[in-house]
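A short write-up of the structure that comes next.
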Amino acid sequence: MNRVILIKYGELSTKKGNRNYFIKTLFNTVKNKLKGYDVSIFKDRANMTICFNDNDLEDIKNIINKIFGIHTYSVAYVCESEEESIKSLVLEIAKEKEFKTFKVETKRSDKEFPIHSQDFNRILGGIILKNIDNIKVDVHNPDLLLKVEIRENGTYVYYDTYNGIGGYPVGTQPKGLLMLSGGIDSPVAGYLAMKRGVELDAVYFEAIPHTSLEAREKVISLCRKLSAYTDKINLHVINFTNIQENIYKNVREDYCITIMRRMMYRIMERLCSLYKGYAIVNGESIGQVASQTLTSMNVINSVTNLPVIRPVACLDKLEIMDIARKIDTYDISILPFEDCCTVFVPKHPVINPKIDTAIYEENKFDYNSMIDEAINSMNTIVVTDKIDEYSDLL
Ligand code: ATP
Ligand code: MG
């Protein structure tokens, strides 16, 4: 029997004017992700279908499970939209299944097809009852629910529907720049931003020798996990050592984190203009640490006019950890390598910083030239979910 994967767009289908653009982006994503497999892909306004080789089904399912914009999908059997062909296909499928109760649910989008859905349900149900022993119809809670979709280009019959990850296809929004640390929160923030269609570049601030190469590798591994949800992610590695050392030499201790984060945001803004980023994305969560109180966010945020998207702002740590496990970043995030934020933590960081004090403290050193230098010496690593492509860049 001939099978295809039948994809439903879900939330996509609420878009009116943009609908075609969304579908086209999803189509290109699917095509790109399945490069290397012997597939043919077709799209229309309601569905996408993928013809595949049986051996590749599990691989293809794993890939599809990481494509935003796919709401649900099924593995469907196909035949012509012609009465006798449908009848024999439905019976053939039913004969292969073990069940005591069943229901047939027909959807007829091809209005040329001469039999009404309800009538056809009864006809198909009758054929199954006549040919298979000891079974009966249960319309409320059947063991086997056979869905029959009659369309102009063919009829699709299926009984299992899998959930995709939903959201919008990556690339339907322009780029955002993700502040990616080695922690638990920022990969989750990146995942959630991509779920809304945002394409990402990632930025990692490192302070070698205070932070290790292992810490950088950890961030690359996290980035690789995220890149499975898109095509590739450019990871910009910023050498933050000089700025950080100057902060700790010049700035009063309780303001060090506030100023450090203002410097990060300044660099992020510069990188956004360099790489056409329309927003900064990070893993800040309200109240999680001193620099993430609303007062702190205010003082830190005031160095940029760009929107700062904080997808996990209102989630509990436990909720963030659940998502991290789901996207398989958790085990990497809890590896123990120090990050530049954790190396120089003051004993009592200010919880309610004042903007005037922050400006006064940071003006004690020439941070603008240091920011220029950090950006000029930046390294960019192209990260994909295929390991080999960047291993020699380390
Ligand atoms: P996470 O919040 O991801 O668990 P963390 O606890 O190290 O990591 P915080 O101190 O909570 O990070 O910082 C808040 C956010 O600032 C992070 O989620 C991340 O987006 C950003 N950030 C912190 N440190 C770095 C860094 N070294 N490079 C890039 N971004 C960083
Ligand atoms: Mg955090």
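The chain is numbered in sequence order, starting from 1. Every number for a ligand or one of its atoms is a count from 1 in the order of the listing.
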If hydrogens are left out, which of [options] has an atom nearest to [atom], that is, the closest non-hydrogen atom?
atom: atom 9 (P) of ligand 1; options: Q244, M260, Q292; answer: Q292
atom: atom 15 (C) of ligand 1; options: M179, R216, R261; answer: R261
atom: atom 18 (O) of ligand 1; options: G182, S181, G283; answer: G283

> Between the side chains of E149 and Y158, does any donor sit under 3.5 Å from an acceptor?
Replying inline: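 On atom types as modelled, these side chains qualify, holding a pair under 3.5 Å.
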
>> Strictly distance-based, threshold 3.5 Å: is any side-chain N or O of D143 a donor or acceptor partner for the main-chain N or O of T101?
In response: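 A pair under 3.5 Å: yes.
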
> Between the side chain of K103 and the main-chain N/O of P142, is any donor-acceptor distance below 3.5 Å?
Replying inline: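 No, the answer is negative, given that no donor and acceptor are paired below the 3.5 Å cut-off.
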
> Any nitrogen or oxygen of F205, main chain or side chain, under 3.5 Å from a nitrogen or oxygen of ligand 1?
Replying inline: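 Yes, F205 has an N/O under 3.5 Å of an N/O on ligand 1.
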
>> Any nitrogen or oxygen of M264, side chain or backbone, less than 3.5 Å from one on ligand 1?
In response: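 For ligand 1, there is no N or O atom that lies under 3.5 Å from one belonging to M264.
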
> Who passes salt bridge (charged side-chain N to carboxylate O under 4.0 Å, His left out) against K225, sequence neighbours left out?
Replying inline: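 Applying salt bridge (charged side-chain N to carboxylate O under 4.0 Å, His left out) to K225 gives D328.
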
>> As an exercise, identify every atom of ligand 1 less than 4.0 angstrom from a heavy atom of N282.
In response: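 So the answer, numbered in order with elements, is 20 (O).
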
>> I'd like to check which ligand 1 atoms, numbered from 1 as shown, lie under 4.0 Å from a non-hydrogen atom of Q288.
In response: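 Those atoms are 11 (O).
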
> Cluster question for you: counting only ILVMFWY and a side-chain heavy-atom cut-off of under 4.5 Å, with indirect links fine, are I334 and I327 together?
Replying inline: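 In one cluster: yes.
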
> Hey, any chance Y162 and I63 share a hydrophobic cluster, counting ILVMFWY side chains that come within less than 4.5 Å of each other, even indirectly?
Replying inline: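 Yes: a chain of side-chain contacts under 4.5 Å links Y162 to I63.
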
>> So, applying side-chain contact (heavy atoms from CB on, under 4.5 Å) with R262, which one of N301, I267, V299 is it?
In response: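 Passing option: V299.
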
> Tally of protein N/O/S atoms under 2.8 Å from the Mg ion (ligand 2)?
Replying inline: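 My tally for this metal is 2.
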
>> If you take the centroid of each ring, where Trp contributes its six-membered ring, are F113 and F120 closer together than 6.0 Å?
In response: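 Centroid distance F120-F113: below 6.0 Å, so yes.
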
> Going through the checks in order, is the side-chain contact (heavy atoms from CB on, under 4.5 Å) test met by L274 and I375?
Replying inline: CA-CA 10 Å; L274 209 56; I375 289 173; 4.3 Å; yes

> Can a cation-pi geometry be assigned to R151 and Y156, taking NZ or CZ under 6.0 Å from the six-membered ring centre and within 45° of the ring axis?
Replying inline: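 Judged by the rule, R151 and Y156 form a cation-pi pair.
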
> Taking heavy atoms and a distance under 4.0 Å, where does V219 meet ligand 1: side chain, backbone, both or neither?
Replying inline: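 No part of V219 comes within reach of ligand 1.
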
> Is ligand 1 under 4.0 Å from a heavy atom in the side chain of V203, in the backbone, in both, or in neither?
Replying inline: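 Within the 4.0 Å criterion, V203 contacts ligand 1 through backbone atoms alone.
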
